[in-house]
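Atoms within a ligand are numbered from 1 in the order they appear, just like the ligands themselves.
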Amino acid sequence: MQTLEVQLGERSYPIFIGESLLAQPDCLLPWIRGRQVLLVSNATVAPLYAAQILKILRDAGLAVADVTLPDGEQFKDWQHLNLIFDALLAARFSRKVTLIALGGGVVGDMTGFAAACYQRGVDFIQIPTTLLSQVDSSVGGKTGINHPLGKNMIGAFQQPRAVLADTSVLRSLPERELSAGLAEVIKYGLIRDLPFLAWLEEHMEGLMARDPALLAEAIRRSCQNKAEVVAADELEQNDVRALLNLGHTFGHAIETGMGYGSWLHGEAVGTGMLMAADLSWREGWLSAADVARVRALLVRAGLPVLPPAGLSADEFLRHMAVDKKNVDGRLRLVLLRSLGDAWVTDTASPQHLRATLEAGAALGMMA
Ligand code: NAD
Ligand code: GLY
């Protein structure tokens, strides 16, 4: 097992990465401060992994309840968030309750948001079960739900007490979800860790084959990058944390425009990163060879590299206008000055942006 720490003063917390962590009571129990626990999962993950966690909790003599949400991004909303509050209140759980999120980013974001709101804030623990949630969403305390007009628009910062990334659960992950997670892994290489990008280029086939040692190393290196960024800018106030949004403004437009759950978040981010690279090339910062390098790695990770044909440039722009990075109505984008060096800018030319949005199939061909 490897341990990293997210350094946030008195709210610092560990990230444990390793095989079969879910079977080990010592990984979980020390992070529970009270006697009450609500396990939140979904209809896919709960049948696979909830029983062993519930047993550990009950064997420790804790008062335990659980709630199973429907599975899907389209349920990341107020109505289904309320199911968590229903379960907490039905069990008469107090401010000393600990919520445990067992699932991917959807369960993690919703459980964290419920923890931020319930009785004005209670403890929660992240047990991420997708690659995407192990390398990104479980770390850093961004929690929330979607609004029909914008992705992740309602939420709160609420740091977990601990993150348990059990690599053995990735064996049951569908291939498409593995690829979606790799998009966020590639992101760290593109925004701030060029040697990691080269490492990913060396090992992509092994990662796709789920080599346990390679996956553990990819998760460790991703979490290390994320922990450093979060420690530097926890509340995304100085454009350091915003770099983690490479490809997300394009990607959120795809997710919202196509309807939540149609494109996976990681797929939309992967294509969005190529669009950001394309725009960075049009702005004169990246070479065509750099864009080709990004595209080739995304393809090897099994990710789509063409934006949906059904989404027009005007629709993209309408959705991109609803973005948390925008200031006073000005679109701000994370772009690449070079591979491994991202920045947030509002200087991209509108003509270049439109050219990227209209490139469509040419986006895949250009490089
Ligand atoms: P997800 O939570 O929808 O999980 C993907 C699918 O995999 C689901 O069907 C899920 O039931 C299934 N699944 C999960 N673990 C499994 C396992 N071990 N075996 C088999 N199936 C399993 O999607 P995701 O990609 O994990 O997360 C995407 C969400 O995370 C989006 O809502 C996105 O906005 C959010 N996100 C948040 C942050 C953050 O910082 N908070 C960062 C990135 C993404
Ligand atoms: N996933 C973006 C962030 O955590 O800031």
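- The atoms of ligand 1 that sit less than 4.0 Å from any heavy atom of G105 are 2 (O), 24 (P), 26 (O), 27 (O), 29 (C), 30 (O).
- The shortest N or O to N or O distance between V169 and ligand 1 is below 3.5 Å.
- Using a 30° and 60° split on the angle between ring planes, F16 and W31 fall in the tilted class, from 30° to 60°.
- Residue K142 has at least one heavy-atom neighbour below 4.0 Å for each of these atoms of ligand 2: 2 (C), 3 (C), 4 (O), 5 (O).
- Checking only distances, N152 does come within under 3.5 Å of ligand 1, N or O to N or O.
- Side-chain contact check for T356 and R282: at least one donor-acceptor pair (N or O, by modelled atom type) lies under 3.5 Å.
- Considering each of S137, G104, S138, the one bringing a non-hydrogen atom nearest atom 36 (N) of ligand 1 is S137.
- From the protein, the heavy atom lying nearest to atom 35 (C) of ligand 1 is D109 OD2, 3.4 Å.
- Results of the side chain to side chain donor-acceptor pair (under 3.5 Å) test with R332 over T345, T249, D346, D239 single out D239 as the only residue that passes.
- Side-chain contact of S222 with E184: a donor-acceptor pair under 3.5 Å is absent, judged by distance alone.
- With A180, G72, G140, S172 as candidates, the residue nearest to atom 17 (C) of ligand 1 on a non-hydrogen basis is S172.
- Residue H248 places no heavy atom under 4.0 Å from ligand 2.
- Relative orientation of the W78 and F113 rings is tilted, given thresholds of 30° and 60° on the angle between their planes.
- Not one N or O of P174 is nearer than 3.5 Å to an N or O of ligand 1, by distance alone.
- With a 4.0 Å heavy-atom cut-off, ligand 1 is reached by the side chain of K226 but not by its N, CA, C or O.
- At least one heavy atom of D136 sits less than 4.0 Å from an atom of ligand 2.
- Within ligand 1, counting atoms from 1 as listed, the ones closer than 4.0 Å to a heavy atom of K151 are 31 (C), 32 (O), 33 (C), 34 (O).
- The protein atom (non-hydrogen) at minimum distance from atom 28 (C) of ligand 1 is L132 CD2, 3.9 Å.
- For ligand 1, the polar-atom distance check against T130 finds a nitrogen or oxygen pair separated by under 3.5 Å.
- The closest side-chain donor-acceptor pair between S172 and Y49 falls under 3.5 angstrom.
- Considering backbone and side-chain N/O of V106, one or more are found under 3.5 Å from N/O of ligand 1.
- Closest protein heavy atom to atom 13 (N) of ligand 1: V45 CG2, 3.7 Å.
- Exactly one of L38, I32, L28 qualifies for a side chain to side chain contact (heavy atoms under 4.5 Å, CB included) with T98. That residue is I32.
- Considering backbone and side-chain atoms alike, T129 places an N or O below 3.5 Å from some N or O of ligand 1.
- Shown in contact with K226 at under 4.0 Å from a heavy atom are these atoms of ligand 2, numbered in order with element: 1 (N), 3 (C), 4 (O).
- Of all the heavy atoms of K142, the ones lying under 4.0 Å from any atom of ligand 1 are found in both the backbone and the side chain.
- Which parts of ligand 1 touch E73 is read off a 4.0 Å heavy-atom cut-off, strictly below it: atoms 29 (C), 31 (C), 32 (O).
- No side-chain donor-acceptor contact under 3.5 Å links D314 and S312.
- Listed by number with element, the atoms of ligand 1 under 4.0 angstrom from any heavy atom of K76 are 31 (C), 32 (O), 33 (C), 34 (O), 35 (C).
- Nearest protein heavy-atom contact of atom 9 (O) of ligand 1 is D71 OD2, 2.7 Å.
- Each of the following atoms of ligand 1 lies closer than 4.0 Å to a heavy atom of Y49: 18 (N).
- Checked against a 3.5 angstrom limit, the closest N/O atoms of E184 and ligand 1 fall outside it.
- Those atoms of ligand 1 that come under 4.0 Å of a heavy atom in D136, given as number and element, are 42 (C), 43 (C).
- With rounding to the nearest 0.5 Å, the separation of NE2 in H265 from OG1 in T130 is 10.0 Å.
- The aromatic rings of H248 and H252 stand perpendicular to each other, their planes meeting at an angle above 60°, with 30° marking the opposite boundary.
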